[in-house]
Protein chains: 2
Amino acid sequence: MAHSLIDSLEARGVRLTRQRRVLADILDNVGRHVNAQDLLTIGKQRDSSINRATVYRTLRLLKQEGLIDELDLLHFEGEKHFYEPRPRASHVHVGCGRCGAVVELESGVPEVLAAEVRDRTGFEPDSIRIEVRAICPTCRNTP
Amino acid sequence: MAHSLIDSLEARGVRLTRQRRVLADILDNVGRHVNAQDLLTIGKQRDSSINRATVYRTLRLLKQEGLIDELDLLHFEGEKHFYEPRPRASHVHVGCGRCGAVVELESGVPEVLAAEVRDRTGFEPDSIRIEVRAICPTCRNTP
DNA sequence: CTTCCTGCAAACCTTTTGCATGCCT
DNA sequence: AGGCATGCAAAAGGTTTGCAGGAAG
């Protein structure tokens, strides 16, 4: 698969161990935001020797390489962090403050903002995180 | 002072104790993002009996009332959370990934985004947090 | 042989909670 | 008296680290 985390790691000359492959593959394919515990649980199903410390160390590596983004989803679920491969298209996380449902919205807003930051602060944007707390339609209609 | 946290608490009928006044006042006037430890340290200078638990309980109260926003500033400083009175004008936090400098940028982008979220997801936005990781001009010019 | 990855367990750090005390109404 | 607010200490919960063993180059 092109642009996969594994490919990106390879391109950077990072040593690809079996466990790193498993964890990167999960992040690429799970299709939702996972936290460290999720990653450990799913990973263990494929390689039961995977350890918590390795999960965190791999996440740190991927973060340092700029290949994944770390989110806290507005603390809807406490202090856990959630991870996703750094998206090609900018998007926005919208979470319901009542029921915790999280949806993603693709939007041109992040690009607009990046330009604005560049022009008005002189800072060169590297990654943009946008999180919206909201009330979903279902919760709004059920008091 | 109009629109102060203390006024807002009063308007909501929340019991205003001495310690809550001190903490709210600090949040209103410190002019930067403070974390719980900062708040405790500064608060103790004015009322040495203030305890960590009270700081957290007061922060929780203010959060629940929607009077302050909780930020993590992209984990530049670990797991600490930072707080600021909920701003009248929407703004964006821009942090330098190299030196950690954080600047705020007032922008119309949050309002635009709120409208987009409403229109395209049906979720009703309540608060929007935008954090940008960037490289500041100084760091860009000093390799 | 050297370097880096891993498991294990302990340590860390921030935040939360249970309980007894005390203040305010 | 009743209802919160508070101090204290312990717990909780997620994340990080020191160290020894092992795999890879």
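Chain letters run A, B, ... following the sequence lines, proteins first, then strands; residues in each count from 1.
Comparing Asn35(B) and Arg52(A) by the nucleotide of DNA chain C whose heavy atom lies nearest to each, the residue mapping closer to the 5' end is Arg52(A).
An OP1 or OP2 oxygen of dT15(C) is reached within less than 4.0 angstrom by a side-chain nitrogen or oxygen of His81(B). A sub-4.0 Å separation between OP1 or OP2 of dT6(C) and a side-chain N or O of Gln19(A) is present. When the side-chain nitrogen and oxygen atoms of Tyr56(B) are compared with OP1 and OP2 of dT15(C), one or more of them lie within a distance under 4.0 Å. The phosphate of dT6(D) has OP1 or OP2 within less than 4.0 Å of a side-chain N or O from Thr17(B). Contact annotation: Asn51(A) side-chain N/O to dC8(C) OP1/OP2 distance is under 4.0 Å.
No side-chain donor-acceptor contact under 3.5 Å links Thr54(B) to the backbone of Ile50(B). Checking side-chain atoms of Arg20(A) against main-chain N and O of Arg15(A) turns up a donor-acceptor pair under 3.5 Å.
Under a 4.0 Å N-O distance rule, the pair Asp47(A)/Arg18(A) qualifies as a salt bridge. Here Asp69(B) does not pair with Lys63(B) in a salt bridge; the nearest charged N to carboxylate O distance is not below 4.0 Å. Under a 4.0 Å N-O distance rule, the pair Asp126(B)/Arg98(A) does not qualify as a salt bridge.
Under the side chain to side chain donor-acceptor pair (under 3.5 Å) criterion, Glu65(B) pairs with Arg12(B), sequence neighbours left out.
Look at CG on Leu71(B): it is 17 Å from C1' on dT15(C), rounded to the nearest Å. Across the protein-nucleic acid pair, Arg21(A) atom CZ and dA24(D) atom C1' stand 13 Å apart, rounded to whole Å. Distance Leu40(B) CG to dC13(C) P: 16 Å, rounded to the nearest Å. When rounded to the nearest whole Å, the span between CD1 of Ile50(B) and P of dT6(D) equals 9 Å. The CD-C1' distance, from Glu70(B) to dT15(C), rounds to 10 Å in whole Å. Distance CG (Leu39(A)) to C1' (dT15(D)): 14 Å, rounded to an integer number of Å. One can place CG of Leu61(A) at 11 Å from C1' of dC5(C), the figure rounded to the nearest angstrom. We find that CD of Glu79(A) is positioned 11 Å from C1' of dA12(D), with the value rounded to whole Å.
The base of dT16(C) is not paired with the side chain of Arg60(B) by any donor and acceptor separated by under 3.5 Å.
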A correct 5'-to-3' footprint of nucleotides 18-25 of chain C, with B, S and - meaning base, sugar-phosphate only and no protein heavy atom under 4.0 Å, is B-----S-

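Arg20(A) comes within 4.0 angstrom of sugar-phosphate atoms only, judged by non-hydrogen atoms across all strands, and of no base. Across all strands shown, Gln37(B) has no heavy atoms under 4.0 Å from either base or sugar-phosphate atoms.
Classified by interplanar angle (parallel below 30°, tilted 30° to 60°, perpendicular above 60°), the ring pair His81(A)/His75(B) is tilted.
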